[in-house]
Participant: 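Next up is a structure, given as structure tokens.
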Amino acid sequence: MTKKTFDVVVFGATSFVGQILTRYLWNRHGANGEITWAIAGRDAAKLASLKASLGDGADALPVILANASNPTDLETMVSQTRVLVSTVGPYALYGSELVRACAEAGVDYCDLTGEVQWIARMIAAHEATAKKTGARIVHCCGFDSIPSDMGVYFIQQAAKSQFGEPCQQVAMRVGRFRGEFSGGTVASMINITKEVTKDPSLAKKLANPFLLAPEKLAARQPNVKFAEFDNTAQSWVAPFVMGAINVRVIHRSNAMMNYAYGKDFKYDEAMMTGKGLKGRLTAASVASALTGFFVGAAIPPSRWVLERFVVPKPGEGPSEEAQRKGFYELHFFGTTSRGQTLRARVKGDMDPGYGSTAKILGEAVTCLARDLPKNDDGGFWTPSSLMGDALLARLQNHAGLSFDLMDQ
């Protein structure tokens, strides 16, 4: 590969999450710290305003103008960097040309998408090219799916160390949680619903837990569909909306690591809502609300009401104070084939959809740029299968995440 001007280019820097990411990278690296980097987008005035908000020295931060709908712009931008990170979503609407450009140019790429149907299309269209050029494409580098993906990686490493074998089954349960889902995430969920409405056959594909894996395995996967009592967690649980993407990412991780968790590995996610009648009613309310959202999003008149009056819009988000007050805890319950058990916890120190996501993404892109020398490893990866221990260290040292084993 020819020498690049930048280690990293942040595309979509003026989006809501893009601005948080830009400020995080600026505070971590300045204009020329561990990485050389630039911000990019289509609006010169907004990019200039973002630079001005960074404070002293920000004049040295380069700017690239590029429009997501202009392939020439994207190719020119990609030609200047080793790694491209994009916050421009919904990715199914605005991200395909950029993935193509990176795959063809041999440039590493990461993003925040949780759009599993789009990821599957990108793998089918561009994986062969990425393998030839050496481009490493890593989707899902925010709250979906790094805490889940790396949490499973962490507990499996511990199981191998303690028991000499991985956990045959892991259940992730969301514990304490404060934060909002981002407008971009909601827009992506609504877009998926629109796609299913246009193409009903897509629903069957989306129901496949191995959609992103190279093969469908025989192990039947658990799946919390409504309120139920979880004896392992000793709590009522409800479906976790991010499970739809996280489960599929983790099965791809397993496959990409030559089935390090085993071909009979089982994984699922749910939200804990507590014990007793209150926990049961809360679980039922959460499950009903999710069902209502997807039913409403599938019908054009109610979808219009949701988009206009109910859900946050892309580009909107909580205040900095609300981001700082946010947090989350994810609990991982692992069981080996011999019945040995292990429990781990992942904690994040800011709200999941914005503050924590921006820090996670910042460390993922820095890991891609600085910690992973180019080898014969082009293709579509997951965070844990490509970055493993290097990313785990960065998340703990810089991104406010903790990974701990808990007493049984």
Side-chain angles (χ1 to χ4, degrees), residues 17 20-21 24 27-28 112 114 140-159 161-162 167 170-182 185 230 232-235 237-238 240-243 245-247 249-250 253 267-274 279 286 317-318 320-334 341-364 366-367 382-384 387-408:
V17 175
I20 305 172
L21 171 62
Y24 177 73
N27 291 331
R28 281 273 285 125
L112 292 171
C140 308
C141 289
F143 180 65
D144 49 335
S145 297
I146 280 181
S148 292
D149 190 29
M150 296 305 298
V152 173
Y153 177 85
F154 174 78
I155 197 172
Q156 292 289 30
Q157 299 303 105
S161 175
Q162 291 191 24
C167 294
V170 175
M172 190 282 274
R173 300 295 181 252
V174 180
R176 298 193 316 134
F177 185 106
R178 179 188 291 168
E180 302 176 18
F181 289 113
S182 74
T185 296
D230 186 329
T232 301
Q234 282 296 293
S235 173
V237 296
F240 179 49
V241 66
M242 297 298 184
I245 177 64
N246 294 338
V247 168
V249 168
I250 284 150
S253 291
Y267 180 75
D268 76 304
E269 297 191 344
M271 291 184 66
M272 294 190 290
T273 58
V286 170
E320 290 186 21
E321 181 181 3
Q323 293 171 41
R324 287 193 298 270
K325 288 183 177 179
F327 59 85
Y328 54 92
E329 290 185 5
L330 310 181
H331 298 257
F332 296 80
F333 299 87
T341 61
L342 202 60
R343 183 176 178 182
R345 178 177 61 190
V346 176
K347 296 172 66 176
D349 67 348
M350 294 183 74
D351 76 301
Y354 297 92
S356 185
T357 276
K359 294 196 293 183
I360 290 169
L361 180 59
E363 294 309 319
T366 306
C367 187
T382 61
S384 68
M387 294 182 270
D389 290 341
L391 180 58
L392 192 63
R394 283 190 174 276
L395 294 173
Q396 294 181 97
N397 293 335
H398 303 293
L401 269 67
S402 63
F403 295 75
D404 304 293
L405 294 177
M406 301 178 66
D407 294 334
Q408 298 295 303

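Note: hydrogens, waters and symmetry copies are ignored here, and every other heavy atom, side chains too, is used.
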Participant: L401 versus S356: any side-chain heavy-atom pair under 4.5 Å?
Facilitator: yes
Participant: Work out which heavy atom in P383 is nearest to a heavy atom in M150; give both atom names and the distance.
Facilitator: C-SD, 4.3 Å
Participant: Would you compute the distance between atom CE of M242 and atom OG of S148 and round it to the nearest 0.5 angstrom?
Facilitator: 9.5 Å
Participant: How far apart are the C-alpha atoms of S384 and V152, what are their side-chain angles, what is the distance that settles it, and do they pass the side-chain contact (heavy atoms from CB on, under 4.5 Å) test?
Facilitator: CA-CA 9 Å; S384 68; V152 173; over 6 Å; no
Participant: Considering all heavy atoms of both residues, which atom of I146 and which atom of I360 are nearest to each other, and what is their separation?
Facilitator: CD1-CG2, 3.4 Å
Participant: Just by distance, no angles: are the side chains of E363 and Y24 close enough, under 3.5 Å, to form a donor-acceptor pair?
Facilitator: yes
Participant: So, for V170 and I155, which heavy atoms are closest and what is the spacing to 0.1 Å?
Facilitator: CG2-CG2, 4.2 Å
Participant: To the nearest 0.5 angstrom, please state how far the CG atom of L361 sits from the CG atom of L21.
Facilitator: 5.0 Å
Participant: Would you say that R173 contacts T232 through its side chain, given a criterion of any heavy-atom pair below 4.5 Å between the two side chains?
Facilitator: no
Participant: Taking all non-hydrogen atoms of both residues, which atom of N246 and which atom of S145 are closest, and how far apart?
Facilitator: OD1-OG, 2.6 Å
Participant: Heavy atoms, side chains only, cut-off 4.5 Å: are F403 and L395 in contact?
Facilitator: yes
Participant: Supply the atom-to-atom distance L391 CG to C141 SG, rounded to the nearest 0.5 angstrom.
Facilitator: 7.5 Å
Participant: Are M172 and I250 close enough that some pair of their side-chain heavy atoms sits under 4.5 Å apart?
Facilitator: no
Participant: Let me confirm one number: the CZ-CD distance from R345 to E329, rounded to the nearest 0.5 Å.
Facilitator: 5.0 Å
Participant: How long is the gap from NE2 on H398 to OG1 on T366, to the nearest 0.5 Å?
Facilitator: 8.5 Å
Participant: Begin with the C-alpha distance, continue with both residues' side-chain angles, and end with the deciding distance and a verdict on side-chain contact (heavy atoms from CB on, under 4.5 Å) for V346 and F154.
Facilitator: CA-CA 9 Å; V346 176; F154 174 78; 5.9 Å; no
Participant: Given the side-chain rings of Y328 and F143, with only the six-membered ring counted for Trp, is the space between their centroids under 6.0 Å?
Facilitator: yes
Participant: Under 6.0 Å from the CD atom of Q162, do we count more than 12 heavy atoms belonging to anything else shown?
Facilitator: yes
Participant: For the residue pair S253 and D149, what are the closest heavy atoms and their distance?
Facilitator: OG-OD1, 2.8 Å
Participant: Any carboxylate oxygen within less than 4.0 angstrom of a Lys/Arg side-chain nitrogen, looking at R343 and D404?
Facilitator: no
Participant: Heavy-atom distance under 4.5 Å between the side chains of D230 and F333, does that happen here?
Facilitator: no
Participant: Run the side-chain contact (heavy atoms from CB on, under 4.5 Å) check on R394 and M387 step by step: do they pass?
Facilitator: CA-CA 10 Å; R394 283 190 174 276; M387 294 182 270; over 6 Å; no
Participant: Can you check whether M350 reaches R324 side chain to side chain, under 4.5 Å on heavy atoms?
Facilitator: yes
Participant: With side chains defined as the heavy atoms from C-beta onward, is the minimum distance between L342 and F332 less than 4.5 Å?
Facilitator: no
Participant: Does Q234 CD have over 12 foreign heavy atoms under 6.0 Å away?
Facilitator: yes
Participant: Check M272 against S235 and note the closest heavy-atom contact, atom names and distance.
Facilitator: CB-OG, 3.5 Å
Participant: Are the side chains of P318 and D351 in contact, using a 4.5 Å heavy-atom criterion?
Facilitator: yes
